[in-house]
Structures are given as C-alpha cells and as structure tokens.
Amino acid sequence: DFSPNNLYLATASDDNIARVLSLQDNNKITQIVHKQPVTSVAFSKDSRYLATSSSDNIVRIWEWQTNKEIARISHEAEIVSVRFSNNGRYLATGSNDNISILWDIKDNIHLARIVHEGEVMDIGFSNDGRYLATGSNDNIARVWDLEQNEESLRIVHEGPVVAVSFSHDSRYLATGS
C-alpha cells in the first residue's frame, strides 16, 4: 500500500513481516513482525497509522514511525483484507471466517458485522465516508450505509466477487468477479 502522502510503501509478505520502505531512497524504515504470513497492509489517510493483517487471525494497528502497537483486532480465521476509511475513524476487516467487521478505532469498538456465506475477498470505503463495500466468494457484493448502520445494496454475481472499488466522487461502485 502506498502512503497517502506518497512518501512510503508498506508491503505484506509470506515471511511474517510487514515492511515500510521510503520511496525517496528505497531504504527500509521499519518492519512489523507477525506470527504467520502478513496478508494485507493499509495506511491511514494521514499516513500516521499502519494496519497489518495476518494468517494468525490478528489485525494490528501501529504508529509505524515509532513501531508502537496501539490496537489489536481478532477474527476466527485468516484476515485477508484491511482498510481505513478516509476520515481515519473506521477500520474494516475482511476474513476467511465469512465476516467483515467495521471498527470505530477512535472509540475502540466494533460497529457492525457484515456476514457473507463465503470468504470476504475485498473491502472498500467510499471516498465520502458514507459506505463500505464488501465482496465475497458467495458471489455477492454488499454495501453497508455507515450513517444508517444497515445494508443498503446487494449485488449478485455469477462468480466470486474478488474486487470492490468506489469512484472518486463516491457515486459509483465497481465490482469484479
């Protein structure tokens, strides 16, 4: 994942390590070690925090420049996707336990569990911060309205939904299967 300020690149790896590299000189800035392969990384909008997820069923949120862990979130199975909302208040996780969880990281509480009948393959927030989309092996993309705290749209595909992405103006959602 590229940091929003375009100064850093965070990488996930099968060697259990998430790394942050400087894009200016390609030097490694820091590394974060999990107990199993790192499956996803995401910077917060202000580039201050880094979320790392792993096959160890754990998401860790770091103040990565000081290497200080500030929060830990768990699932029942491998976490395959993690994303921050643009306002930095929310973190969404997608997992092989068929669940996407929406977390309020400011208050450290979980707000919603979006349950699929297959692995959650991808997640994404709209740029205006109102919606969270999830894509799953159950052939369904779901859109969660964060203001109403309810599902607002369900899109059925003929195959697994492996990608979801909102347009920059948040008016459109692209889903891929």
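Residue indices begin at 1 and follow the sequence shown.
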Nearest heavy-atom pair of Gly124 and Val164: which atoms, and what distance?
-> N-CG2, 3.8 Å
Any chance you could lay out the side chain to side chain contact (heavy atoms under 4.5 Å, CB included) test for Trp144 and Ser152, step after step, and finish with the verdict?
-> CA-CA 6 Å; Trp144 193 263; Ser152 63; over 6 Å; no
Minimum heavy-atom distance between Glu119 and Asn96, given as atom pair plus value | OE1-OD1, 3.2 Å
Between the CD atom in Gln65 and the CD1 atom in Ile29, the distance rounded to the nearest 0.5 Å is 8.5 Å
Nearest heavy atoms of Asn149 and Ala112, plus distance in Å = OD1-CB, 3.9 Å
Does Ser95 use its side chain to pair, donor to acceptor, with the backbone of Ala77 at less than 3.5 Å?
-> yes
Are Ser100 and His116 close enough that a side-chain donor and a side-chain acceptor fall under 3.5 Å?
-> no
Test item: Tyr90 and Ile105 side chains (from C-beta on) under 4.5 Å apart, heavy atoms = no
Measure the shortest side-chain to side-chain distance between Thr66 and Thr30 over non-hydrogen atoms and say whether it is less than 4.5 angstrom.
-> no
The reported gap from NZ in Lys68 to CD1 in Ile61 (rounded to nearest 0.5 angstrom) is 13.0 Å
Ignoring hydrogens and geometry, is there a side-chain-to-backbone donor-acceptor pair from Ser177 to Val161 under 3.5 Å?
-> no
Atom of Asp15, atom of Ser13 and distance for their closest heavy-atom approach | OD1-OG, 2.9 Å
Any donor-acceptor N or O pair under 3.5 Å, side chains Thr39, Ser54 | no
Between Asp138 (side chain) and Glu117 (backbone), is there a donor-acceptor pair under 3.5 Å?
-> yes
Would you confirm whether Asn16, through its side chain, and Val33, through its main-chain N or O, come within 3.5 Å as a donor-acceptor pair?
-> no
Should the heavy atoms of other residues, nucleotides or ligands under 6.0 Å from CG of Asp169 be counted, would the total exceed 12?
-> yes
Which pair of heavy atoms, one from Val82 and one from Ala51, lies closest together, and at what distance?
-> CG2-CB, 3.7 Å
Indicate, with yes or no, if Ile70 and Ile101 share a hydrophobic cluster defined by side-chain heavy-atom contacts under 4.5 Å among Ile, Leu, Val, Met, Phe, Trp and Tyr.
-> yes
Non-hydrogen side-chain atoms of Leu23 and Phe2 separated by less than 4.5 Å | yes
Any chain of hydrophobic side-chain contacts (each under 4.5 Å) joining Ile109 to Leu146?
-> yes
Taking the side chain from Ser81 and the backbone from Asp122, do they hold a donor-acceptor pair closer than 3.5 Å?
-> no
When hydrophobic residues are tied together by side-chain contacts of less than 4.5 Å, even through go-betweens, does Val41 share a cluster with Tyr8?
-> yes
Shared hydrophobic cluster, Val38 / Leu9 (ILVMFWY, side-chain heavy atoms < 4.5 Å) | no
Could you go through the side chain to side chain contact (heavy atoms under 4.5 Å, CB included) check for Gln31 and Val20 one step at a time?
-> CA-CA 6 Å; Gln31 64 183 30; Val20 178; over 6 Å; no
Please round to the nearest 0.5 Å and tell me the distance separating atom CD1 of Ile58 and atom CD1 of Ile79.
-> 6.5 Å
Say whether Trp62 and Thr52, considering side chains only, have a donor N or O and an acceptor N or O under 3.5 Å apart.
-> yes
Nearest-0.5 Å distance that lies between atom CD in Gln148 and atom CD in Glu150 | 5.5 Å
Does Ile140 reach the side chain of Thr134, with side-chain heavy atoms less than 4.5 Å apart?
-> no
Scanning both residues in full, the closest heavy-atom pair of Ser167 with Asn127 reads O-ND2, 3.5 Å
Does Ile99 share a hydrophobic cluster with Val59, counting links as ILVMFWY side-chain heavy atoms below 4.5 Å and allowing steps through other members?
-> yes
Donor-acceptor pair, Ser126 side chain versus Arg130 backbone, under 3.5 Å?
-> yes
When you measure from the side chain of Ser40 to the backbone N and O of Ser53, does any donor-acceptor pair fall under 3.5 Å?
-> no
Gap between atom CZ of Arg19 and atom OG1 of Thr11 - 0.5 Å precision | 6.0 Å
Output for pair (Leu91 CG, Asp104 CG), nearest 0.5 Å, gives 10.5 Å
Would Phe166 and Phe125 count as a side chain to side chain contact (heavy atoms under 4.5 Å, CB included) if you check the C-alpha gap in whole Å, the side-chain angles of each, and the deciding distance to 0.1 Å?
-> CA-CA 7 Å; Phe166 284 95; Phe125 285 97; 5.8 Å; no
Can you check whether Glu78's main-chain N or O pairs, donor with acceptor, with Asn57's side chain at less than 3.5 Å?
-> yes
I would like to know whether Ile73 and Trp103 meet side chain to side chain contact (heavy atoms under 4.5 Å, CB included); could you show each step before the answer?
-> CA-CA 9 Å; Ile73 299 165; Trp103 298 89; 2.8 Å; yes
Got a donor-acceptor contact below 3.5 angstrom from the Asp97 side chain to the Glu76 backbone?
-> yes
Is it true that a side-chain atom of Arg142 and a backbone atom of Val115 form a donor plus acceptor pair closer than 3.5 Å?
-> yes
Plane angle bin for Phe43 and Trp64 - parallel if under 30°, tilted between 30 and 60°, otherwise perpendicular | perpendicular
